[in-house]
Q: 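Can you keep this structure in mind? I'll have questions shortly.
Nothing here was measured: the structure is a model prediction, and the numbers come from that model. Note on naming: letters A, B, ... go to the chains in the order of the sequence lines (proteins, then strands), and numbering restarts at 1 for each one.
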2 protein chains.
Amino acid sequence: MSFALRIRNWFRHRRAIWPPGKGHVQARSAITLDAIFEATIQVLLAEGLNRLTTTRAERAGVSVGAMYQYFPHKQALLYALNERYLEIVAEKVEIACRKHHGAPISQMVDGLVTAYWEAKTERSDVTRALYRSAVELDNDALIEAFAHRVDVATIAMFESASNASYADLPLVNTTLLAVIFGTVRNIFERDLPPSLQDNVREQLAMMCLSYLKAAAFKH
Amino acid sequence: MSFALRIRNWFRHRRAIWPPGKGHVQARSAITLDAIFEATIQVLLAEGLNRLTTTRAERAGVSVGAMYQYFPHKQALLYALNERYLEIVAEKVEIACRKHHGAPISQMVDGLVTAYWEAKTERSDVTRALYRSAVELDNDALIEAFAHRVDVATIAMFESASNASYADLPLVNTTLLAVIFGTVRNIFERDLPPSLQDNVREQLAMMCLSYLKAAAFKH
DNA sequence: ACCTGAACACCGTTCAAGT
DNA sequence: ACCTGAACACCGTTCAAGT
């Protein structure tokens, strides 16, 4: 059974034992959950992944027992944190894709790279911390789900392009996303000086565009 | 003080206390070191990063004390393992770069992508395990050293191109490497089906080439 | 000059008791 | 329906003793 599924079952199990309450009790659990996420990010940023401990969580105001009421183990917490974060990034990319529907491919590529880049750069400390917090088991499933969601959005966008079409759009699109996701991660990992980062980002957009032009049947 | 430097000092400190011996005694330490690396990779592949424990190392025939004679802490072991691995990859890329000296850029790009890809794919289980074992502190320095070494090799290669030259080769080259390194990692992370992997690899080479063509002053 | 493994501090996880 | 924190098992690291 997959990791994501095991966690989902664990939640279901908990709800079966304690069916959801109402009003302030319900609110309390949401508050605790937010507090856990908040404390986790704080510790992650200030101390790093291997100093993310129960002791430090307690110092940050979250008791051990409370944590284990929401997550079956530490990995599940990190998994949920990544899921939450990727959700936000995916949504921003989807919005950008919808915005450029029917546009020429040059605008699409630019919009896509910009949206993804900005979603990652907005809180670059969090982005870097989460890149490093990669869950051991089933991290693949998380990445896969994210990649698929973005894939659907960008395919729909490129299909609507006013000035190009493709013999094998799925392949072209998969390549394009692998390149964008991968390159952005690489830049974060290398911690290049900001001005160079911007230049590389610009070159990346140019590179994607020249690829899309080379691979297209032009209209 | 950087992590790499601290480790180097630690080694120096040890040698000061026990200056290097000769013959079979010297050989013994080399054998132990290899045994440690071997055991580490075995456990990493079989059990994963967070089950890489001293207990399991002992079961694999390496005593705790022996490990701490060679590495000041667990992170240092993983650091050394990554360093060793990147050393091999860098050398393969350098060889490929020398081989395509003076060739047309299409052959250069193809040779570069192929060399890097094959170096990573040769033991894809090890590659994936090491991607995940990223050291907390100073992993950047490791990646940076590797990137710089490859950078020097590829710049030298592209400068010798028979059919193109560039206004800003350092930027073009940095972009190209970020794209290749990043995309390959992304493909490993996503664990795409092998046939699709090959297709993406092919598209990647094509993409790099179309970028280099677009960015060049042609001869 | 190097290896062994018991000892210790700390971390992940559980669970009885509380509200 | 949710929270607390002491208790326990296990892991990273040290160090006295061995060869």
Q: Check whether any side-chain N or O of A:Lys74 sits under 3.5 Å from a backbone N or O of A:Leu52 as a donor-acceptor pair, and report yes or no.
A: yes
Q: Using whole Å, what does the distance between atom C1' of nucleotide C:dA6 and atom CE of B:Met67 come to?
A: 17 Å
Q: Tell me, which stems hold DNA chain C, with a stem being 3 or more Watson-Crick or G-U pairs in a row and both distances under 3.5 Å?
A: C:4-8 with D:12-16, C:12-16 with D:4-8
Q: Taking atom P of D:dC10 as reference, at what distance in whole Å does atom NZ of B:Lys74 sit?
A: 16 Å
Q: Counting the atoms with a prime plus P, OP1 and OP2 as sugar-phosphate, which does B:Leu77 contact under 4.0 Å by heavy atoms, base, sugar-phosphate, or nothing?
A: nothing
Q: Can you tell me if B:Thr114 and B:Arg201 form a side-chain donor-acceptor pair at under 3.5 Å?
A: yes
Q: Under 3.5 Å, is there a donor-acceptor pair linking the side chains of A:Tyr166 and A:Glu159?
A: no
Q: Which is more 5' along DNA chain D, the nucleotide nearest B:Thr53 or the one nearest B:Gly65? Just name the residue.
A: B:Thr53
Q: Nearest whole angstrom, please: distance from the P of C:dC11 to the CG of A:Asn50.
A: 10 Å
Q: Output the rounded distance in Å from CD1 (A:Ile31) to C1' (D:dA1).
A: 14 Å
Q: Taking the minimum atom-to-atom distance to the side chain of A:Val64, which one of C:dC3, C:dC11, D:dA6 wins?
A: D:dA6
Q: Is the distance from OP1 or OP2 of D:dT14 to the nearest side-chain N or O of B:Tyr68 less than 4.0 Å?
A: no
Q: B:Gln69 side chain: which of D:dC2, C:dC3, D:dT13 is closest?
A: C:dC3
Q: Can you tell me if the side-chain N/O atoms of A:Arg56 get under 4.0 Å from OP1 or OP2 in C:dC11?
A: yes
Q: As a test of reading the structure: which of C:dC11, D:dG12, D:dC3 is closest to the side chain of B:Thr54, going by heavy atoms?
A: D:dG12
Q: If you assign each of B:Ala66 and A:His73 to its closest nucleotide in DNA chain C, which residue comes earlier from the 5' end?
A: B:Ala66
Q: I want to verify a distance call: between C:dC11, D:dG12, D:dC3, whose nearest atom is closest to the A:Thr55 side chain?
A: C:dC11
Q: Measure from the side chain of B:Glu58, starting at C-beta and using heavy atoms only, and say which of D:dT4, C:dT13, C:dG5 lies closest.
A: C:dG5
